[in-house]
Amino acid sequence: MTKSGVVVIGLGRFGGQVAESLTELGHEVLGIDENAEIVQKLSDVLTHVVQADSTDEEALRQIGVTEFNRAVVGIGTDIEASVLTVLALTELGVGEIWAKAISAKHGRILERVGARHVVFPESDMGVRVAHLVTGQLLDFIELDDGYAIAKVCPPDELIGRTLTQLGLRTRHGVTVVAVKRAGKEAETALPDTVIERGDTLIVSGPTKKVEQFGERP
C-alpha cells in the first residue's frame with residue numbers, strides 16, 4: 001500500500017460504489033467493513049478488502065491504515081460508528097477524510113472530529129436531478145465552494161459562432177471548458193472553436209451563473 005491509495009470504510013451501497021469506481025479508475029483501494037458477507041461479496045472486485053471494526057483505532061492500525069493519506073467513510077445510518085471511525089482515522093494521521101452524512105447535524109459533528117469533506121449523497125442527488133429535469137442541463141455537479149460544472153445543450157443563438165464571438169464569460173459569467181461532438185471525444189475549447197448543432201458544452205462557473213445559463217431556451 002502507498003500514500004496514493006484510498007481507504008474506503010463501510011462498503012454498503014454508497015461506499016461500495018465509491019470503492020469499485022476508484023478501482024476501475026486504477027487506484028489502489030483498501031476496503032473495510034464489519035459485515036463478513038459484504039466483505040466476501042467484494043473480495044473478487046477489490047484488491048484488498050478486510051472485515052474489521054472501524055471504530056477500533058488499534059484494529060485499523062494493524063490493517064495498515066496509517067499507510068494511507070486519504071479515506072472515505074461510507075457509514076451512514078450508524079451515526080456513532082461513523083463519528084468514531086472518522087475520529088480514529090484522524091488520530092491515526094489520515095489527512096484527507098471524506099465522510100457520508102445523513103443530516104446537517106451529523107455533518108457538523110463529522111467536521112468537528114476531523115472530516116475534511118462531508119458528503120450528503122441523497123441531498124446532492126436530489127439537487128442534481130432537479131437541475132437535470134429543467135432547462136438544457138445534461139449533467140450538473142456543484143462543488144463545495146459555490147462553483148459548478150455542467151454539461152449543456154447549446155441554445156440556438158450559439159450555433160455557428162466561435163467562443164470569441166460569443167463572449168460567454170463576459171455575457172453570462174460562465175466558461176466553456178470543453179466541447180463534445182456526437183461520436184467523438186470531448187476536446188478542449190479554444191477561442192476559435194465553432195459551436196455546432198448537436199454539440200455538448202462542458203461549462204464551469206459560479207453555481208448561479210451555470211444554473212441561469214442552463215435555463216436558457
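Position 1 is the first residue of the sequence; numbering continues from there.
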Say you draw a straight line from [atom1] of [X] to [atom2] of [Y]; how long is it, rounded to the nearest 0.5 Å?
X	Y	atom1	atom2	value
R13	I38	CZ	CD1	12.5 Å
E34	T85	CD	OG1	8.5 Å
S21	H27	OG	NE2	10.5 Å
L92	L60	CG	CG	6.0 Å
E80	I109	CD	CD1	11.0 Å

Short side-chain to backbone donor-acceptor contact, [X] and [Y], under 3.5 Å:
X	Y	answer
D56	D53	no
Q165	T162	yes
H106	I102	yes
S82	D78	no
D33	L11	yes
N69	V94	no

**Request:** Let me see the working for K209 and H172 under side chain to side chain contact (heavy atoms under 4.5 Å, CB included), right down to the final yes or no.
**Result:** CA-CA 7 Å; K209 296 292 185 181; H172 302 292; over 6 Å; no
**Message:** Less than 4.0 angstrom from a charged side-chain N to a carboxylate O is my criterion; do E157 and R171 meet it?
**Reply:**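 Result for this pair is yes, salt bridge flagged.
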**Asked** Does the pair E185/K180 count as a salt bridge with the N-to-O cut at 4.0 Å?
**Response**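 Not counted as a salt bridge, because no side-chain N and carboxylate O are separated by less than 4.0 Å.
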**Asked** Checking side-chain contact (heavy atoms from CB on, under 4.5 Å) against V50, which of V39, V7, L30 comes through?
**Response**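 Looking at V39, V7, L30, the match for V50 under the side-chain contact (heavy atoms from CB on, under 4.5 Å) is L30.
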Would you say [X] and [Y] make side-chain contact, with heavy atoms under 4.5 Å?
X	Y	answer
V8	I32	no
V210	Y147	no
V45	T23	no
I97	T90	yes
V179	T200	no
L89	F68	no
V72	I9	no
R70	W98	yes

**Test item: side-chain donor near acceptor, R169 and T175, under 3.5 Å** =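 Distance-only check passes for R169 and T175.
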**Message:** Could you check whether E211 and T207, counting side-chain N and O atoms only, form a donor-acceptor pair closer than 3.5 Å?
**Reply:**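 Note: T207 and E211 side chains miss the donor-acceptor criterion.
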**Request:** Evaluate the side chain to side chain contact (heavy atoms under 4.5 Å, CB included) criterion for residues V29 and T47: first the C-alpha distance (whole Å), next the side-chain angles of each, then the deciding distance (0.1 Å), finally the verdict.
**Result:** CA-CA 7 Å; V29 175; T47 308; over 6 Å; no
Which heavy atom of [X] sits nearest to which heavy atom of [Y], and what is that distance?
X	Y	value
A88	S54	CB-O, 4.1 Å
V49	S43	CG1-CA, 3.6 Å
G114	V86	C-CG1, 4.0 Å
V194	G160	CG1-C, 3.8 Å
D192	T164	N-OG1, 4.5 Å
P206	G173	CD-O, 3.6 Å

Surrounding [atom1] of [X] (heavy atoms of other residues, nucleotides or ligands, distance under 6.0 Å), is the total greater than 12?
X	atom1	result
E187	CD	no
Q51	CD	yes
E58	CD	yes
E20	CD	yes

**Message:** Please determine whether side chain to side chain contact (heavy atoms under 4.5 Å, CB included) holds for the pair L166 and I195, giving the CA-CA distance in whole Å, both sets of side-chain angles, and the decisive distance to 0.1 Å.
**Reply:** CA-CA 10 Å; L166 292 169; I195 306 303; 3.9 Å; yes
**Asked** So E111 and R116, side chain to side chain contact (heavy atoms under 4.5 Å, CB included) or not? Walk me through it.
**Response** CA-CA 6 Å; E111 288 177 340; R116 292 283 186 89; over 6 Å; no
**Message:** Before you tell me yes or no, could you show the steps for E57 and R61 under salt bridge (Lys or Arg N to Asp or Glu O under 4.0 Å), namely the whole-Å CA-CA distance, both residues' side-chain angles and the distance that decides it to 0.1 Å?
**Reply:** CA-CA 6 Å; E57 183 179 329; R61 188 190 305 277; 3.4 Å; yes
**Message:** Let me check something: do V152 and L190 share a hydrophobic cluster, defined by ILVMFWY side-chain heavy atoms less than 4.5 Å apart, either directly or through other members?
**Reply:**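 No, separate clusters.
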